[in-house]
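Computed over heavy atoms, backbone and side chain alike; hydrogens, waters and symmetry mates excluded. Residue indices begin at 1 and follow the sequence shown.
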Amino acid sequence: MVNFLILIDKISEFSKRTIDLGRTPLDIYNICSIIRESFCCSYSIRKNNNLYIYIDSFQILIKFEGISLRYLGSDERSQALLLQRALAKIYSSENTKSKNFHISTPGIFVKRVVKDESILKNVSNLNYDKVIIINGFPEENSLFFIKNLDEFNYLGDYCFIFSFPQNSQISFNLFRIVDNKYRFKYTNLFDIKGIENKILYINFLIDQRENSEKLINR
């Protein structure tokens, strides 16, 4: 199971009318691109992928679950409307204080993250030593042991964490993901622009390795 976690400080306000008029804010457009590259594969959906979007300004966590995801089209409007509906779901008064995930549409869930709650505890099938933080870490930074993605085995078992906008100086303490039991790994993808393209590349690597294994096992 592949998990992608996107950490966002804040997002622009938007509505269905905003989308219908073709005035989708740039950051929402970029988030839609991330959703698309996480799941859309030719004419099917990547069932083994999950996408989590955490918005710190609202303390909201949205989960897109590939295995049960429905109604997700490959167009920006489809993705933006599903995102807007999920946000509207958690804004409703009966859901603001709940600690549980609420279903917005099939395969999309949303919840409030309470104070001091670890975001990673909400990620499905998470292995404590298979969490990769992808950011603009300087290569000379001795605080992190930075590896290339090619050096990791079984990429399909990892959770990949991105800050949005990419390379922003976001403190991971701020997003409450630091937990002593997790053994974080770090990598750079400087040569690939945009989080959506980095996710596209990760999906490509996973597909390539799976296809190679199938050929070997024939």
Side-chain angles (χ1 to χ4, degrees), residues 1-8 11 28-55 60-90 100-111 113 118-134 149 152-164 166 177 182 185 187 189 192 194-214:
M1 180 67 67
V2 184
N3 289 299
F4 297 107
L5 171 59
I6 314 299
L7 303 174
I8 301 176
I11 63 171
I28 302 301
Y29 175 82
N30 289 334
I31 292 171
C32 290
S33 297
I34 290 170
I35 296 171
R36 180 178 62 251
E37 296 305 338
S38 296
F39 295 105
C40 296
C41 179
S42 297
Y43 299 101
S44 62
I45 294 293
R46 292 182 180 273
K47 300 295 186 182
N48 290 328
N49 286 7
N50 292 330
L51 172 66
Y52 296 82
I53 297 176
Y54 174 70
I55 305 168
I60 289 175
L61 181 64
I62 306 172
K63 176 183 179 180
F64 295 77
E65 187 178 70
I67 195 169
S68 56
L69 193 58
R70 302 289 185 274
Y71 312 133
L72 178 67
S74 58
D75 59 294
E76 170 204 324
R77 184 176 184 276
S78 166
Q79 298 143 13
L81 287 177
L82 289 175
L83 178 63
Q84 193 273 334
R85 185 166 179 174
L87 291 170
K89 179 75 175 182
I90 199 62
N100 300 317
F101 273 110
H102 296 270
I103 184 168
S104 172
T105 51
I108 300 179
F109 309 86
V110 61
K111 67 168 287 185
V113 177
S118 170
I119 297 172
L120 287 178
K121 289 181 179 178
N122 293 284
V123 177
S124 300
N125 303 308
L126 182 63
N127 192 313
Y128 78 99
D129 66 343
K130 290 187 177 295
V131 182
I132 300 177
I133 296 175
I134 299 179
L149 277 185
F152 294 104
N153 295 322
Y154 309 112
L155 287 176
D157 297 332
Y158 278 88
C159 174
F160 300 89
I161 301 177
F162 301 85
S163 60
F164 178 86
Q166 52 179 345
I177 67 166
Y182 297 111
K185 298 174 173 57
T187 190
L189 291 175
I192 302 177
I195 293 175
E196 70 278 11
N197 292 321
K198 297 180 194 295
I199 290 176
L200 177 66
Y201 175 65
I202 291 169
N203 281 330
F204 166 75
L205 286 180
I206 293 171
D207 291 344
Q208 189 180 51
R209 293 182 184 183
E210 286 181 352
N211 291 334
S212 296
E213 289 175 4
K214 288 178 182 178

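Looking at heavy atoms from C-beta onward, Leu7 lies out of side-chain contact with Ile55 at the 4.5 angstrom threshold. The side-chain heavy atoms of Ile28 and Ile11, taken from C-beta on, include a pair separated by under 4.5 Å. Annotation: side chain of Ile31 is in contact with side chain of Ile8 (closest heavy-atom distance under 4.5 Å).
Between Phe39 and Phe64, the two ring planes are tilted [angle within 30° to 60°].
Annotation for Ile67: atom CD1 does not count as buried by contact number, only 12 or fewer foreign heavy atoms lying within 6.0 Å.
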**Report entry** side-chain contact (heavy atoms from CB on, under 4.5 Å) between Lys111 and Ile60, worked out
**Finding:** CA-CA 6 Å; Lys111 67 168 287 185; Ile60 289 175; over 6 Å; no
Query raised in the report: ring-ring contact (aromatic ring centres under 6.0 Å, His included) between Phe4 and Phe160: does it pass, once the steps are laid out?
Result: CA-CA 5 Å; Phe4 297 107; Phe160 300 89; 5.7 Å; yes
Report task. Could you go through the side-chain contact (heavy atoms from CB on, under 4.5 Å) check for Leu51 and Ile6 one step at a time? Result -> CA-CA 8 Å; Leu51 172 66; Ile6 314 299; 3.8 Å; yes
Query - Verdict with reasoning, Val110 to Ile103, per side-chain contact (heavy atoms from CB on, under 4.5 Å) - result: CA-CA 7 Å; Val110 61; Ile103 184 168; over 6 Å; no
**Report entry** Worked verdict on Glu65 versus Ile108 for side-chain contact (heavy atoms from CB on, under 4.5 Å)
**Finding:** CA-CA 6 Å; Glu65 187 178 70; Ile108 300 179; over 6 Å; no
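Between the side chain of Glu196 and the backbone N or O of Ile35, no donor-acceptor pair lies under 3.5 Å. Side-chain N or O atoms of Lys185 include none that pairs as donor or acceptor with a backbone N or O of Ile133 at under 3.5 Å. At distances below 3.5 Å, at least one donor-acceptor pair connects side-chain atoms of Tyr52 with backbone N or O atoms of Ser124. With Ser44 contributing its side chain and Cys41 its backbone, the two residues share a donor-acceptor pair below 3.5 Å.
At a cut-off of 3.5 Å, with distance as the only test, a side-chain donor of Asn203 or Asn49 sits close to an acceptor on the other residue.
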